[in-house]
**Student:** 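What follows is a single structure, and I will ask about it in a moment.
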Amino acid sequence: VATQKRNLFVIAVIILVAVIILSSSVYLNSSKPYSGEVQPITIGFFNSEFNALVYIANDQGYFSDNGLNVTVKNYNTGTVAVTALLTGEVDITGASEFVIASKALENANICTFGSYSRSDKFYLVARTDRGISSIPDLKGKTIGAPLGTNGEFYLRRFLELNNVAQNEVTFKNMVPFVQTPNALANGTVDAAVAFQPYINEIEDLVGNKTVIWPIQAGQLAYIDAISTKDWAQENPELIERFLKSLVQAEDFVLRHTDEAISIVARTLNFSVAYLQTVWSDYQFSVTLDQSQVLAMQDEAQWLINNHLTNASTSPNIRDFIYVDGLKSVKPQSVNIIG
Amino acid sequence: MVIFGIVLTVVSAYVGLTEQQIRQITVDAQTARSIQTGAGNLAYLSNDYLQNRKKEQITLWHNELYDILSALSKLNQADPEETALINNIQGDLQRLETTFNSSVLYVDSIPKNETGIVHPLLKTYSNQLAVQNQALSFDITVLSSNLEVQATQARQASTVLVLSLVGLFGAFFVAVYLLAFKRTLASLTKLQKEIKVVGLGNLDHVIDADSNDEVGDLSRDFNQMTADLKAVTASKAELENEITERKKAEEALRNNELLLSGFFDSPGIMRGIVEVINGKDIRHVKDNIVTASYVGLTPKDLESKLSSELGEPSERIKIWIEHYMQSQETGKPFTWEYTDRQGSKETWLSPTVTYIGKSSEGNPRFTYVVTDVTGRKKAEVELDLYRKNLEKMVEQKTKELNGAARLATIGVTAGMVGHDIRNPLQAITSDVFLVRSELDSFPNNDSKQNAIDSLNEIEANIDYINKIVADLQDYARPLNPRAYESDLKAIVQDTITRQRLPKDLKVMVNIDEQAQKVMGDPDYLKRIINNLVLNAVQAMPNGGTLIVKGTCDGQSGEFVLTVEDTGVGIPDDVKDKLFTPMFTTKSKGQGFGLAVVKRMTETLGGTVTFESEHGKGTKFIVRLPSQRTKQ
């Protein structure tokens, strides 16, 4: 009996040592939780499912875990949110790459430090009962669009690629975007740039008298986390903690998609069914991709070419990208040349 | 050990899975790299097509797209991130294809003769394709990077696992060594030692088999094997011991056999074993040489013979059987004796029979030992005779002792009486002398003569009383002779003179000159001579010749004194008692005279014998040693 007890003791000690070694290895390899002072930050953006990572990070407490006390503000568009950023109303905002390119042309004090979603969600919804059944039928029609946003860019590019001249149509600003369905329904516009869930709303209002074309032409829309350059320089650690929170949310989305959808639905007061339908239109990943740089360069040049900006030369987009934060958090997702 | 085994198995399986995962990731990474190359090709082909409008590039572009999609479908979507990236890439490719096809349509719509004209939409398509190619490239790069990271992590994990496995195996080995192997080795070493003990031939050695492990099983099996081996064969040592013991036993048996044979056939004692057959006859089972010789056979010939066949009288057989049965009943040996006559020879035999059990046939079996006790029996007869003689001798000696005691008493009495008697006798003697003196003054007449005769008679009786008293005292008192040279002739003449000799007695004295001087107490010599002379005178009441001689033996040098008479002689029946005190054939006398002679002669170292012939006379011979003479 004594020998058996001794044997069990030796085995237990060996197993314990092995467990301690493995646990130590796992612990050393794992990221250490933040233990410093909690910092308050304010973020502002247009409420949409493309901000899913922010909602999930907030809901799952990743911001808190990384020492961030986040306040969220809602704006009608990303462009408005960027304006609020530049006025110091918020610390970080979410907006499309087109907004950044536009502001870059103005040499605004902004920079992106990471895209957290990509989507192919913009459509042009036209009323057939207004004589629009094909793209050339748009000529002479009034088209609603959120001017100053990437929605306007995709619309104009779409018209360009389909040989509809800019002066052959009338553009009507649809900011705030929520007015779009009613504008289409009441005939204020013949066609309008739309995306879900407004498309469904339009169909509900207009019925089946609509025709829909995707207008992004295969080019994804990037939603970036933006701050001022000054703030980024002053708060690199906050940017890292913010990005880390988003990366954690990214992992949560990948591994708990249904729960992520529920969180977003609960946050935006959307139906889960709707989100499940559109979820595949989005790529929730925190990246800094050269393709975004190309897109922004293209967009900036397009704005210049179409005289939609006062600037006459394309800016160096690289000057409006802060890569250090994401490089330290998720280096494999940084693919910026230069 | 089980826990360790499970842990090792789990870790090993996990290592295997990790290796498989690494292989899969490696394949995926290679695929991702090929997709990455394909994406670059797509970008080149689309750009080349838009720049140079080479239609063959369209086919190549689609082939490349197909290859990428095909490769993409082969990727293992083991991780949600990987799945998301693949979905992104597929979306990128789909969008790229749409844009490329749109650009192709656009290019196709341009008249061929406008090759030199710059078309703004070509730039737009080119930009779109560039953005999408870049996006595709990015997604593929991320996928490839993730796969590389996964591969690296998997390799690291594998390395850690392998190291852990090695460590665990090392720990397992150490634990096994410490817990089991060491114990097993110890057990095996112990088992080896114990097997050596068994191997040396000690098949009685039992190996300790307390443990419940394989060594314990082996030990038990070995013990069983040893036991089996022991059962079928003896060990070497045992065999040697057994051989040695057997040799010793055989030697001892031979010695015992010789001993028993010597004992069994020891001369003079008949021994053997017999059976009583139905209470009527005796069968000889085994007899020694003595018995066989006694009946005139060899021991072998005597085997199984019946006593009746040997001519033994039925009456004697009956007696033997009775004694055998008596031993069986009492459980004790039985001994008796009898005589056996063979011709004129009579032999006393003493058999002892003992019951020793029954034969296989159920006949009672006995041992017998017969001893020839003829010698003892004869000795017993002689002893009986001796005993009877001894009784007589004892009786005689008792009488003698009684006489001696009586004589001793008499001696004591004589001493007292002599003293008391001699004093009045001395007074009487004095009175007789005074009376005789008075009578001298009386006139001679008959009265005077009668008075003188009476006085003579009184003096004679006084002498006789004195003699009796002297004899008694001489016999009884301790003798202590004095050594004086005596004149034998004077002593003889004085003695004879003092005797009242009859008138018809002739006295002849002849003392040789060599015998005249003799060493000896003169009082003793006077007493010897006086008693012998008196005895001779009394032997010749009717007269005769008294011859006294003194000679010296020329050979021995002894002084020889003879006193010879011619009297009646001594009867034969009293010759033996002649010197016995208080033995007398005379009416008057106490029987002390010759006894005193003998005692005093012997006191002087001499002997006294006599020669007597009835009717012719007697001669007493006194021999005194010459030393006395010399002294």
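Protein chains get the first letters and strands the later ones, always in sequence-line order, with residue 1 at the start of each.
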**Student:** Mind telling me whether A:F284 and A:W279 have parallel, tilted or perpendicular rings, with 30° and 60° as the class edges?
**Tutor:**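 Because their plane-to-plane angle lies in the 30° to 60° range, the rings of A:W279 and A:F284 count as tilted.
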**Student:** Relative to chain A, which segment of B:D139 carries a heavy atom at a distance below 4.5 Å: side chain, backbone, both, or neither?
**Tutor:** side chain
**Student:** Hey, does the side chain of A:D137 reach the backbone of A:S134 with a donor-acceptor pair shorter than 3.5 angstrom?
**Tutor:** yes
**Student:** Any carboxylate oxygen within less than 4.0 angstrom of a Lys/Arg side-chain nitrogen, looking at A:K327 and A:D324?
**Tutor:** no
**Student:** Would you mind checking which part of B:E81 comes under 4.5 Å of any heavy atom in chain A, side chain (CB onward), backbone (N, CA, C, O), both or neither?
**Tutor:** both
**Student:** Shorter than 4.5 Å, heavy atoms on both sides: which option in B:E148, B:Q134, B:Q132 has the most such pairs with chain A?
**Tutor:** B:Q134
**Student:** Would you call the rings of A:Y62 and A:F252 parallel, tilted or perpendicular, taking 30° and 60° as the class edges?
**Tutor:** perpendicular
**Student:** What residue, out of B:N88, B:N127, B:T99, has the most heavy-atom pairs lying under 4.5 Å from chain A?
**Tutor:** B:N88
**Student:** May I ask you to name which of A:D251, A:N305, A:D298 has the most heavy-atom pairs under 4.5 Å with chain B?
**Tutor:** A:D298
**Student:** Can you tell which of B:T124, B:L136, B:V142, B:T98 has the highest number of heavy-atom pairs within less than 4.5 Å of chain A?
**Tutor:** B:T124
**Student:** Quick one: do B:R53 and B:D108 make a salt bridge, cutoff under 4.0 Å?
**Tutor:**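 Salt bridge flag = no for B:D108 with B:R53.
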**Student:** Among the options B:L121, B:D92, B:D79, pick out the one with the most heavy-atom pairs lying under 4.5 Å from chain A.
**Tutor:** B:L121
**Student:** Select one option (side chain, backbone, both, neither) describing which atoms of A:Q297 are under 4.5 Å from chain B's heavy atoms.
**Tutor:** neither
**Student:** Between A:Q219, A:Q290, A:R118, A:Q283, which shows the greatest number of heavy-atom pairs under 4.5 Å with chain B?
**Tutor:**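 Among A:Q219, A:Q290, A:R118, A:Q283, the one with the most close pairs to chain B is A:Q283.
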**Student:** Are the side chain of B:Q36 and the backbone of B:I140 linked by a donor-acceptor contact shorter than 3.5 Å?
**Tutor:** no
**Student:** Which atoms of A:I336 come close to chain B, meaning under 4.5 Å heavy atom to heavy atom: side chain ones, backbone ones, both, or neither?
**Tutor:** neither
**Student:** Select one option (side chain, backbone, both, neither) describing which atoms of B:N87 are under 4.5 Å from chain A's heavy atoms.
**Tutor:**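 Contact with chain A involves no heavy atom of B:N87 at all.
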**Student:** Contact part of B:S145 toward chain A, heavy-atom cut-off under 4.5 Å: side chain, backbone, both or neither?
**Tutor:**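 It is the side chain, since no backbone atom gets that close.
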**Student:** Taking atom CD as the centre, does A:Q166 end up with more than 12 heavy-atom neighbours from other residues, nucleotides or ligands that are less than 6.0 angstrom away?
**Tutor:** yes
**Student:** A:V286 and side-chain contact (heavy atoms from CB on, under 4.5 Å): which partner among A:L243, A:V329, A:V334?
**Tutor:** A:L243
